[in-house]
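First up is the structure itself, then whatever we jot down about it.
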Amino acid sequence: MSRPLALVEVAGLSDTGRVRSHNEDRSLVEPSLIAVADGMGGAQAGEVAAEMAVTAIAGLRRPASAAQVRDAVVRANADIRRMAEQDPDKAGMGTTVTAAVLDDGRLAVVHVGDSRAYLWRGRQLRQITEDHSVVAEMVRRGSLAPEEAEAHPHRNVITRALGAEASVKVDEVSEELREGDVVLVCSDGLSSYVPDGRIAGELVEARSLEDAARRLVGAANAAGGADNVTVVLARVGPADEAPSAEAAGAAGAPGEEGADTAEIPVLGGTRGRAAQAAAAEGPSGRAPRVLEPVGRRRPRRRRPIVIGALVALVVAAGALAWVGSRTYSLAETPGGTVAVEHGLPLSALGLDLAQPWQDTGVPADVAREGSPGALDSGWHGLGEAVQIAAALVWRHGVPELRPLEPPGTVLEPEAPEGPADDGAGATG
Ligand code: CA
């Protein structure tokens, strides 16, 4: 009964999906340590942030403890923020991260954001992380039913991410494991588009961990493939069955960055430093989130063509652009909703440099009435603007509130066949 347990088999698969131009998810698939990071931000910034989160964890000496993983996540937060402050192209970048490790015989999951960890035991699927999202918070407070959350238009809006604030609150969940358990860690490209019952159905049918990974990615793409999707699975068994987990760990021993993980089986995705070389051009166009710029276009900084009197103007313009790259405000869109805008709103000077960054979907007149001051609250840093927008969504973004039953967390499997019927791509 008390044979020591380990993650004896792992498999992972990452796919760009059917809509995005490139993959901003990153993952780590190792015996003893698995992780998923889901980056956000314009251009390639989301990929960079996700890569930094995964690389920080991959650099740990094995076997890594939960406390060490947590420290790595905190360090990654500081590094991501520093880079975002130094490089205007990376302003606003962020990432989720969810990492699972075996610590003292128990499963420890360290996480920030809405990338989930599930436990599959005895044909039942149980989500063991709590999403750091507006919608999940509403479910926790009883103002939204779990079924409503699954298709909610704001389900992509997260409340925590690495890179969003100077300090990050990292959650940790600990679970007792049993032989035969399977741990699933995934990005919201799976969990926002494939209902939990359907995930369970695919796991019932799967013949192996690899097969399970293929099936889950296939289900996300069948539901529209509106987002990047990444799944990592680990099977729990007696430690003496583990295929030299120590050997995999030893590779990472020298230095803090060592981890040569070239042979780690990540199917179809990229991870590690190779991913940086593979970074592609163009904006990502993924589903909107509070922390993600949409259609970000920064004012072009014009180079001086004559020197002298123009220099002062150029310096001033550069200063404006610099300040603008760090300025967010709330404004009414032409469609009558409240949006977070990025850039300097200098309309009084005929210089409205702000661009829509995130539409909250909350009607402006409702916001004016219910939250006076939010719309004309001036200039903010990113974190502050995100908080105000999240508060507006929280207060006014739910069409109706109704009493509900306590959230059921254990789901019976559903038949896997047939197209998914949720609102796939609703936010895409
Ligand atoms: Ca995602």
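Just so we're clear, the structure is a prediction, and the values are computed from it rather than from any experiment. Numbering of ligands and ligand atoms starts at 1, following listing order.
- Counting backbone and side-chain atoms alike, D25 contributes no N/O/S atom closer than 3.0 Å to the Ca ion (ligand 1).
- Computed with the Ca ion (ligand 1) at the centre, the D38 OD2 to D188 OD1 angle is 80°, stated to 10 degrees.
- By the 4.0 Å N-to-carboxylate-O rule, R214 lies too far from E210 to be salt-bridged with it.
- V109 places a side-chain heavy atom less than 4.5 Å from the side chain of I128.
- A distance-only check finds a donor-acceptor pair linking the side chain of R155 to the backbone of E150 [under 3.5 Å].
- Ion pair R106/D103 not flagged as a salt bridge, since none of the NZ, NE, NH1 or NH2 atoms sits closer than 4.0 Å to an Asp/Glu carboxylate oxygen.
- Within D227, OD2 is the N, O or S atom that lies nearest to the Ca ion (ligand 1).
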